[in-house]
Amino acid sequence: ESEEGGGEEPSRGECVCQERCRPSFVPVCGSDGNFYENHCEVYRTACLQRRRIYAVHIKSDWPV
């Protein structure tokens, strides 16, 4: 059955930023020049700040 005419607006998808990331230390350099504990923290920060930040360098790629 349809609920047309019920006076309610159709539901819309809503983006919600992750509250927290799992604790894992895999250092990542973000495109904003900051270091993050892991990829999740990069994307969480980008979401919260409504900015585009991406991982540009991960620890496994760093010279020893």
Side-chain angles (χ1 to χ4, degrees):
E1 291 181 346
S2 171
E3 290 191 26
E4 284 185 39
E8 293 181 27
E9 287 193 32
S11 62
R12 296 181 183 185
E14 183 179 334
C15 292
V16 178
C17 300
Q18 236 175 292
E19 280 188 36
R20 65 184 74 144
C21 296
R22 282 191 224 170
S24 65
F25 190 68
V26 182
V28 176
C29 182
S31 58
D32 60 351
N34 292 316
F35 286 97
Y36 297 90
E37 283 189 29
N38 52 49
H39 280 83
C40 177
E41 292 293 348
V42 173
Y43 300 121
R44 180 177 173 275
T45 300
C47 180
L48 292 171
Q49 294 180 4
R50 296 183 179 186
R51 296 174 46 194
R52 181 171 293 185
I53 304 172
Y54 51 92
V56 292
H57 209 47
I58 59 174
K59 184 183 178 196
S60 63
D61 292 336
W62 294 344
V64 179

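The analysis underlying the following values was restricted to heavy atoms, covering all of them including side chains, and did not include hydrogens, waters or symmetry mates.
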query = Taking only residues two or more places apart in sequence, or in another chain, which ones meet Q49 in a side chain to side chain donor-acceptor pair (under 3.5 Å)?
reply = R51
Only pairs under 3.5 Å count here: list side-chain donor-acceptor contacts from residues 21-32, not counting sequence neighbours, and write none if there are none.
from: S24; atom 1: OG; to: N38; atom 2: ND2; distance (Å): 3.3
from: S31; atom 1: OG; to: Y54; atom 2: N; distance (Å): 3.0
from: D32; atom 1: OD1; to: N34; atom 2: N; distance (Å): 3.1
from: D32; atom 1: OD1; to: Y36; atom 2: OH; distance (Å): 3.4
from: D32; atom 1: OD2; to: N34; atom 2: ND2; distance (Å): 3.0
from: D32; atom 1: OD2; to: Y36; atom 2: OH; distance (Å): 2.5

ask   = When rounded to the nearest 0.5 angstrom, what is the spacing between CD1 in I53 and CD in E41?
value = 11.5 Å
task = Give the minimum heavy-atom separation between Q18 and R44, together with the two atoms involved.
result = O-NE, 3.0 Å
request  = Apply side-chain contact (heavy atoms from CB on, under 4.5 Å) to C47 and list each qualifying residue two or more places apart in sequence or on a separate chain.
outcome  = C17
